[in-house]
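Step one of this worksheet: look at the structure below.
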Number of protein chains: 2
Amino acid sequence: MRKNVSGCSVEEAMHLLGGRWRLLLVSYLVDGPKRFNELRRDVPGISQRMLTLDLRALEEAGLVLRTVYPTVPVKVEYALTEDGKRLKYVVAVIQEFGLWLKQRDAA
Amino acid sequence: MRKNVSGCSVEEAMHLLGGRWRLLLVSYLVDGPKRFNELRRDVPGISQRMLTLDLRALEEAGLVLRTVYPTVPVKVEYALTEDGKRLKYVVAVIQEFGLWLKQRDAA
DNA sequence: CAGAATCCTTATCGATACTG
DNA sequence: CAGTATCGATAAGGATTCTG
């Protein structure tokens, strides 16, 4: 992502969430924890690479918790942290706008 | 911007608003119409080029209205359309999250 | 004043192959 | 299963110059 954000709160937030997949990923995590390949299947079009990178970024931001179950084979679960759950509202509002946008442009 | 978005509403919305400046620009327009150079001064760090491009994109999406006053020299005003005013809520929520994020990371 | 045009750098993303 | 590593493509953004 971009470096050196000015510090405006909108820019700060968009810097963290503005990529192609991040908010979308969060929207898949609001329903509860998901495994890596589960997200890979469910998020349409995402590559393995971006899934890894963006989950890592969200984890580093303290919004997502990564839990490794030392089974064989390993099982890794991603869940929103308490901080990450603040994004539920963001996702809901964006989702609503996107939905309205689609319906408007369909007509 | 990216072509061929899958059609998911979150992706659709982020495709339109996910750039570095667009939501930020909208956040400056919620207080009322602004002139070109006014935005240029007030939005910290934006280049003339991006200001033009993103205002045009928002205009094309029907979210911003561009009004040219045929004075000498010309005066151009940008304002949110009724559709664009739907973004007030989006901006508010993002702004709130960004603010919380900054405060959390400051501590 | 409000831009358009051009050139260029960097960020973001995707495809593929490989691994503990 | 859940990743890494590498490479290349494209998109986003910046700097500069010029104009009605």
Side-chain angles (χ1 to χ4, degrees), chain A residues 1-6 8 10-12 14-25 28-29 33-61 64-79, chain B residues 1-6 8 10-26 28-29 33-61 64-79:
Chain A
M1 299 294 271
R2 296 179 296 267
K3 320 316 194 207
N4 301 328
V5 176
S6 82
C8 164
V10 170
E11 210 176 343
E12 197 102 9
M14 292 307 287
H15 183 226
L16 180 57
L17 303 172
R20 178 166 183 181
W21 304 107
R22 294 187 183 178
L23 259 185
L24 190 61
L25 281 176
Y28 279 88
L29 291 175
K34 294 274 158 57
R35 299 180 59 171
F36 186 84
N37 277 343
E38 198 175 352
L39 287 168
R40 196 148 120 76
R41 273 196 313 275
D42 294 352
V43 181
I46 196 167
S47 68
Q48 200 175 39
R49 176 183 136 88
M50 290 316 296
L51 185 51
T52 303
L53 288 178
D54 283 340
L55 284 172
R56 289 284 188 281
L58 292 169
E59 191 195 357
E60 196 177 356
V64 161
L65 180 68
R66 177 173 179 266
T67 309
V68 183
Y69 297 93
T71 56
V72 179
V74 287
K75 170 180 168 182
V76 179
E77 227 177 47
Y78 293 90
Chain B
M1 300 290 271
R2 296 180 296 268
K3 315 327 193 203
N4 301 325
V5 177
S6 81
C8 164
V10 170
E11 211 176 344
E12 197 100 10
M14 292 307 287
H15 183 227
L16 180 59
L17 304 173
R20 177 166 182 181
W21 304 107
R22 294 189 185 178
L23 260 185
L24 190 61
L25 280 176
V26 172
Y28 279 88
L29 291 175
K34 294 274 158 56
R35 299 180 60 171
F36 186 84
N37 277 343
E38 197 174 355
L39 287 168
R40 195 149 121 78
R41 273 195 313 273
D42 294 353
V43 181
I46 196 167
S47 67
Q48 198 175 43
R49 177 183 136 87
M50 291 316 295
L51 185 52
T52 304
L53 288 178
D54 283 339
L55 283 171
R56 288 285 187 282
L58 292 169
E59 191 194 358
E60 195 177 356
V64 161
L65 180 68
R66 177 173 179 268
T67 310
V68 182
Y69 297 93
T71 56
V72 179
V74 286
K75 168 180 168 181
V76 180
E77 226 176 47
Y78 293 91

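Quick caveat: nothing in here was measured; it's all calculated off a predicted structure. Chain letters run A, B, ... following the sequence lines, proteins first, then strands; residues in each count from 1.
With sequence neighbours excluded, the residues that form a side-chain contact (heavy atoms from CB on, under 4.5 Å) with B:Leu65 are B:Thr67, B:Thr81. B:Glu77 meets the side-chain hydrogen bond (donor to acceptor under 3.5 Å, both in side chains) test with B:Tyr69; sequence neighbours excluded. Judged as a side-chain contact (heavy atoms from CB on, under 4.5 Å), and not counting sequence neighbours, the contacts of B:Arg41 are B:Asn37, B:Glu38. Every side-chain contact (heavy atoms from CB on, under 4.5 Å) that B:Val76 has, sequence neighbours left out, goes to B:Arg66, B:Val68, B:Tyr78. A:Arg49 is linked by a side-chain contact (heavy atoms from CB on, under 4.5 Å) to A:Ser47, A:Leu53, counting only residues two or more places apart in sequence or in another chain.
For A:Arg20 and D:dT10, the CZ to P distance is 14 Å, given to the nearest whole Å. One can place CE of A:Met50 at 15 Å from P of D:dG3, the figure rounded to the nearest angstrom. Atoms CE (A:Met14) and P (C:dA11) sit 18 Å apart, rounded to a whole Å. Distance CZ (A:Arg40) to C1' (D:dG3): 10 Å, rounded to an integer number of Å. Remark: P of C:dA11 and CG of A:Leu16 are 17 Å apart, rounded to the nearest angstrom. Atoms CG (A:Asp54) and P (D:dT4) sit 13 Å apart, rounded to a whole Å. One atom, CG of B:Leu53, and another, P of C:dC7, lie 16 Å apart when rounded to the nearest Å.
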Checklist outcome for this item: Per-nt protein contacts along nucleotides 1-6 of chain C (heavy atom under 4.0 Å; B base, S backbone sugar-phosphate only, - none) come out as SSBB-B
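Under a 3.5 Å cut-off, the side chain of B:Tyr28 and the backbone N or O of B:Val43 do not form any donor-acceptor pair.
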